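Treat the numbers as computed from the prediction; the structure is a model and nothing was measured. Just so you know, ligand 1 is whichever comes first in the structure, and atom 1 is the first atom listed for that ligand.
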Amino acid sequence: MNTIERFNKNVMGTYGRYDLVLESGENRTAVSEDGKEYIDFGSGIGTNSLGFCDSDWVEAVCNQVKSIQHTSNYYYTKVQADFANKLCDSTGYCKMFFGNSGAEANECAIKLARKYSFDKYGKDAERNIIITLVNSFHGRTMTTLSATGQDVFHNYFFPFTEGFVNVEANNTDDLRAKLDEYDGKVCAVMFEFVQGEGGVIPLTQEFVDAIFDECEKRDILTIADEVQTGIGRTGKLLASQHYGKMPDVTTLAKGLAGGVPIGACLANEKCCDVLSKGTHGSTFGGNPIACAGGNVVIDKVTADGFLDEVMKKSEYLKTKLSELSEVEGVDGLGLMLGVRLKTKSAADVCKACLDNGLLALTAKTKLRFLPPLTITFDEIDKGLDILRKVLE
Ligand SMILES: *Cc1c(COP(=O)(O)O)cnc(C)c1O
């Protein structure tokens, strides 16, 4: 039996996978078991932010493995303190919670928001509704599935967690109507600044302004799910900075530690002490190996000029994509781009790219590109050459 057959024999078939076995990677190139090379425009769904096996990242992670790999959260480690300090200093948040995934970071945010209202308004107020957006994606656990505003995810697993109400993205009338309908019962509004899995759809400034104005007036927490958009992906450290906002809570995961599992829930002064001793936890949360990787990612992404380069590459890639005759338009921010095609199916194009040596993604009907933040102009050109050939 080959690798794919052995894999499928014992792994649940929850994913539609391509027939490709990846064996190694270096910077922005992956190598398959049969020795073929692939330019990476997907970074493992936005996780390998520094590319494959960045040398500084490898050194930090390996050194950590050799010194101490895990301690439990009964003890302290320096590498965790370094990470938390760096993350809070660079983002302006006052405290964070360590998890291992996007869903776990969002679970933390949801618990925090409900407890914030519980502590302040009491149990009888039942101020526990969280407004999320139609077409959002917040994760695969029972509660983050409930939070996800897409009906396709609300099947089979009944009963789902109660207390989520959906508002149409970029519809301020709908937002105000729902806030009025559930007046006094809403504890948070949770949203992605750029809906990722939903099709790379940025929120409008007007809608974001309305969320923040209404939440301020009504003492409702704002929760930004920056699991995909965070840590440089959109050309700013946080996507919220494009909108001039500082949400009460921001969740991070995917690109945060350069490809090892991590999740973080950041909170501002207003709510950073809500989750008190014993109210939340995670055995692996803040794993030192993940933190060591995360320290390198934060150092590099916040270094002088790094994000300016990301923006330049973004502009270049957008311009070149727009010149292709099959391309109807390009949506997104920074290196999180969704390409609308005129006639071809994104899934077919994505598969054809793979066959020709380019790792790409799709989001709904769009072709989606999340290249490593360290990709070079030369590598962008190589990827575009493959795409051009596929679209001909
Ligand atoms: C990927 C993603 C999640 C889920 O992250 P996991 O690490 O798979 O749990 C949540 N929210 C957004 C916006 C995402 O893109």
Minimum non-hydrogen distance to atom 4 (C) of ligand 1, winning option of Gly196, Ser101, Ala103: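 That would be Ala103.
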Structural part of His138 in contact with ligand 1, heavy atom criterion under 4.0 angstrom: backbone
Ligand 1 contact on Asn106 by region, counting heavy-atom pairs under 4.0 Å: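 For Asn106, only side-chain atoms sit under 4.0 Å from ligand 1.
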Residues, nucleotides or ligands: over 12 heavy atoms within 6.0 Å of Glu216 CD: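 It does not: Glu216 CD has 12 such atoms or fewer within range.
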Glu33 and Thr3: side chain donor to acceptor below 3.5 Å: yes
No-hydrogen, no-angle side-chain donor-acceptor test under 3.5 Å, Glu197 and Gln150: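 Gln150 and Glu197 do not have a side-chain donor-acceptor pair below 3.5 Å.
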Atoms of ligand 1 close to Gln228 [distance to a heavy atom under 4.0 angstrom, numbered from 1]: 15 (O)
Glu192 neighbourhood, listing ligand 1 atoms whose heavy-atom distance to it stays under 4.0 Å: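 Reading through ligand 1 atom by atom, the close ones are 13 (C).
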Backbone of Gly196 reached by a side-chain donor or acceptor of Gln228 within 3.5 Å: no
Which residue holds the protein heavy atom closest to [atom], what is that atom called, and what is the gap in Å?
atom                    : value
atom 7 (O) of ligand 1  : Gly102 N, 2.8 Å
atom 11 (N) of ligand 1 : Asp225 OD2, 2.8 Å
atom 1 (C) of ligand 1  : Lys254 NZ, 1.5 Å

N or O contact, Ala253 vs ligand 1, cut-off under 3.5 Å: no
Would you say the ring centroid of [X] lies under 6.0 angstrom from that of [Y]?
X      : Y      : answer
Tyr156 : Phe158 : no
Phe118 : Tyr116 : no
Phe284 : Phe98  : no

